[in-house]
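Note sheet for the following structure.
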Amino acid sequence: AHQEDGRPWTLYVGLVAPHFPLQAPRPFYDLYADAEIPPPRQYPPAERPRHPVLDALRELSPYDAYFDPEKVAVARRAYYGLCSFLDHNVGRILRTLDESGLSGRTRVIYTSDHGDNLGHRGLWGKSTMYEDSVAVPLIVRGPGIPEGRVEQTAVSLVDLHPTLTGFAGLPPHIDDQDLPGTSLANILAAPDRERAVFSEYHDWSSITGIFMLRKGRWKLVEYPGYAPQLFDLGADPREEHDLAAAPAHRAALNDLRAALAQIA
């Protein structure tokens with residue numbers, strides 16, 4: 001955004017909710033008192049996908065050992081309450097922006113650092129490349145942003161750096177020329193539905209590196225030293241069918257592996 005004197009300004013606001021511990025303020029928890037919140041997907045042990053890295057994650061971060069059916073229901077209700085608590089606070093920020101008279105010339109970006117498995121497949125927290133964890137919201141509004149448009153080109157949080165500097169009217173810095181990322185303004189002007197985006201994880205409870213490449217409808221997850229996973233998100237958005245070992249999808253697997261090798 002720009003102040004009255006034309007100088008750009010940026011305000012970063014980090015809100016913790018929704019996040020562990022799953023304790024929502026009572027008024028927001030009570031919003032879902034009568035809601036029919038679905039149970040986690042693939043939650044019964046016999047339905048959980050088996051993979052050495054995921055099995056180790058469940059063992060090294062044994063969150064699910066705490067839960068019984070009642071606690072699962074309470075946790076998921078609390079998560080919904082925390083989402084509404086977050087929404088309430090985002091509304092307070094936007095209302096203040098309106099009252100300041102700056103909303104008409106201010107771009108607003110809403111996003112997150114990660115999602116939450118929330119019990120799906122017996123997993124809680126993040127630490128995986130399933131869409132529940134690795135996919136995040138990204139909403140942009142303001143001058144020059146098409147209103148109501150939903151763009152299917154895959155993007156990444158690394159795209160925010162060139163986006164923000166571009167919004168501020170700053171020329172690319174020489175020290176940033178090798179950084180990944182493309183301005184969202186450029187992506188909106190020239191969408192690329194086959195654009196590849198990358199994510200990696202080397203943290204809590206991982207027994208190997210975890211690398212993801214999303215390209216079009218396909219997602220590859222590589223676990224060095226272990227079998228990969230391949231998902232067709234167009235046909236299987238809930239990632240219930242790992243196609244990595246299927247001969248019919250060998251070409252897609254090899255294509256994504258070659259693309260990932262250029263990055264990781």
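If you're wondering where the values come from, they're calculated on a predicted model, not measured in any experiment. Worth knowing before you read on, the calculation uses all heavy atoms, side chains too, and leaves out hydrogens, waters and symmetry mates. Numbers here simply count residues along the sequence, with the first being 1.
Of the possible polar contacts, one joining the Glu239 side chain to the Glu131 backbone as a donor-acceptor pair under 3.5 Å is found. Side chain of Ser112 to main chain of Pro137: no donor-acceptor pair is present (N/O by atom type, distance under 3.5 Å, no hydrogens or angles). Arg76 contributes a side-chain N or O that, together with a main-chain N or O of Leu118, makes up a donor-acceptor pair within less than 3.5 Å. A distance-only check finds no donor-acceptor pair linking the side chain of Lys126 to the backbone of Asp113 [under 3.5 Å].
Counting only residues at least two apart or in different chains, side chain to side chain donor-acceptor pair (under 3.5 Å) contacts with residues 138-149 comprise Arg149-Glu151.
A salt bridge does not link Asp98 with Arg95: every distance from a Lys NZ or Arg NE/NH1/NH2 to an Asp or Glu carboxylate oxygen is 4.0 Å or more. Between Lys71 and Asp64 no salt bridge is recorded (no basic side-chain N to carboxylate O distance below 4.0 Å).
His51 and Tyr226 have tilted rings, their planes meeting at an angle from 30° to 60° on a 0 to 90° scale.
Note that the CG atom of Leu260 and the CG atom of Asp255 stand 11.0 Å from one another [nearest 0.5 Å].
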Next item on the list: Go through the steps for Tyr29 and Gln23 under the test side chain to side chain donor-acceptor pair (under 3.5 Å), then give the verdict.
Entry: CA-CA 8 Å; Tyr29 182 75; Gln23 297 174 336; over 6 Å; no
Notebook entry, point to check: Are Tyr130 and His120 close enough, and set up right, to give a ring-ring contact (aromatic ring centres under 6.0 Å, His included), and what steps lead you there?
Noted result: CA-CA 10 Å; Tyr130 285 110; His120 300 310; 9.6 Å; no
Next item on the list: Quick one: do Trp124 and Tyr66 satisfy ring-ring contact (aromatic ring centres under 6.0 Å, His included)? Show the steps, please.
Entry: CA-CA 11 Å; Trp124 299 82; Tyr66 165 80; 8.9 Å; no
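In the hydrophobic clustering of ILVMFWY residues, with side-chain heavy atoms under 4.5 Å counting as a link, Trp218 and Val134 come out apart. Using a 4.5 Å cut-off between side-chain heavy atoms of Ile, Leu, Val, Met, Phe, Trp and Tyr, with links allowed through other members, Tyr43 and Tyr79 fall into the same hydrophobic cluster.
Partners of Asp236 under the side-chain hydrogen bond (donor to acceptor under 3.5 Å, both in side chains) rule, at least two apart in sequence or in another chain, do not exist in this structure.
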